[in-house]
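For reference, the structure is listed below as structure tokens.
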Amino acid sequence: MMGRNRGLRGLIQAVNPEISVDHCIIHRYSLGSKSLPGNLKLVFENVLKIVNFIKSRDVNSRIFRELCKEMGEQYQVLLYHTDVRWLSRGKVVRRVIELRTALQEFLKQEESPFATKFTDKEWLVRLCYLADIFAELNSDNLQLQGQNMTVIDAHHPTINKEMSDHLKGLETSMQHYFPESDLKTASLQWIIHPFSVPDEAIHDDDFPCKGGVDHNASK
């Protein structure tokens, strides 16, 4: 409908080139919120594959529903996601989190490689983050559809900037308190393998307490 040449936009501007045509605010907000960086996109794709694996087969859906009942889960079904109903993203992810125990058990029984995802702490952290950020974006989108909402009201750069600044600040703060150099410092390997790290790899600076460390204590 908005095609530049043969769509509504093209037909109108062929008559009057000075007319300005713009996308619906809600549609633009949807498009702007759709992109995901690498790892988060991968987690979301995993979620869709898990949901489709269960819901696309009647047998799987029935077995999973009975399993949820036996485990006393609040819900017994997963939710579908479609690009058309983009607000469903948050609901789909949230339901997967709520049923993660039953999902892990079902996928384990089916010998699916996705069963290990629910024991992967980093994967779960990213999953929870997606649920939270989608919920926030969905809330903003619903506000755009409120009564007496005008185009001027729908532009809320202040809120968008606050969200962006918070996420950037959170990233900076995490990098400060959890620098990647910590993971690469050989002298910190004693935390993981306290009895197998040679004495020369441990420095007094690694121990903030007075007097450093007694290197003979473990001998």
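Keep in mind that what you see is a predicted model, and the values were worked out from it rather than measured.
With salt bridges taken as basic N to acidic carboxylate O contacts below 4.0 Å, none links E171 and K168.
T101 has its side chain out of reach of E105: every pair of non-hydrogen atoms, C-beta onward, lies at least 4.5 Å apart. Counting only heavy atoms from C-beta outward, the side chains of V51 and V96 approach each other to under 4.5 Å. F134 places none of its side-chain heavy atoms less than 4.5 Å from the side chain of Y129. Looking at heavy atoms from C-beta onward, F118 lies in side-chain contact with L107 at the 4.5 angstrom threshold. Proximity of Y80 to V92: side-chain heavy atoms (C-beta onward) are nowhere separated by under 4.5 Å.
Linking ILVMFWY residues whenever their side-chain heavy atoms come closer than 4.5 Å, directly or via other members, places Y75 and I63 in the same cluster. The cluster map of Ile, Leu, Val, Met, Phe, Trp and Tyr, joined by side-chain heavy atoms under 4.5 Å apart, puts V77 and F114 in different clusters. Under the 4.5 Å side-chain heavy-atom criterion for grouping Ile, Leu, Val, Met, Phe, Trp and Tyr, L170 is not connected to V125 through any hydrophobic cluster. Note: the hydrophobic cluster containing L8 does not contain V15 (ILVMFWY, side chain heavy atoms under 4.5 Å, direct or indirect links).
Residues L78 and K55 come closest through the heavy atom pair O-NZ, 3.2 Å. Considering every non-hydrogen atom in both R100 and I97, the closest pair reads NH1-O, 2.7 Å. Here the shortest heavy-atom pairing between W123 and I50 reads CH2-CD1, 4.4 Å. R57 and N52 get closest at one heavy-atom pair: NH1-O, 4.5 Å. Closest of all the heavy-atom pairs between M71 and A102 is SD-CA, 3.7 Å. Scanning all heavy atoms of the two residues, the minimum distance from Q104 to A115 falls at CG-O, 3.8 Å.
For R94 (side chain) and K91 (main-chain N/O), no donor-acceptor pair under 3.5 Å exists by modelled atom type. No donor-acceptor pair closer than 3.5 Å links the side chain of S173 to the backbone N or O of G169. For N60 (side chain) and F53 (main-chain N/O), a donor-acceptor pair under 3.5 Å exists by modelled atom type. At least one donor-acceptor pair closer than 3.5 Å links the side chain of Q76 to the backbone N or O of E73. Counting only distance, with no hydrogens or angles, the side chain of Q13 and the backbone of E18 share no donor-acceptor pair below 3.5 Å.
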Applying side chain to side chain contact (heavy atoms under 4.5 Å, CB included) to T172 and H176, what does each step give before you reach the verdict? CA-CA 6 Å; T172 301; H176 172 73; 5.7 Å; no
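T119 contributes atom OG1, which lies 8.0 Å from atom CG of L124 (distance to the nearest 0.5 angstrom). Note that CZ of R126 and CG of N46 are 10.5 Å apart. Values are rounded to the nearest 0.5 Å. Residue L103 holds its CG atom at 12.5 Å from NZ of K108, rounded to the nearest 0.5 Å. Separating the CG atom in L11 from the CG atom in N16 is a distance of 13.5 Å, to the nearest 0.5 Å. To the nearest 0.5 Å, atoms NZ (K117) and OG (S112) are separated by 10.0 Å. Once rounded to the nearest 0.5 Å, the distance linking CG of L36 with CG of L42 reads 11.0 Å.
For CG of D58, the number of neighbouring non-hydrogen atoms (other residues, nucleotides, ligands) closer than 6.0 Å is 12 at most.
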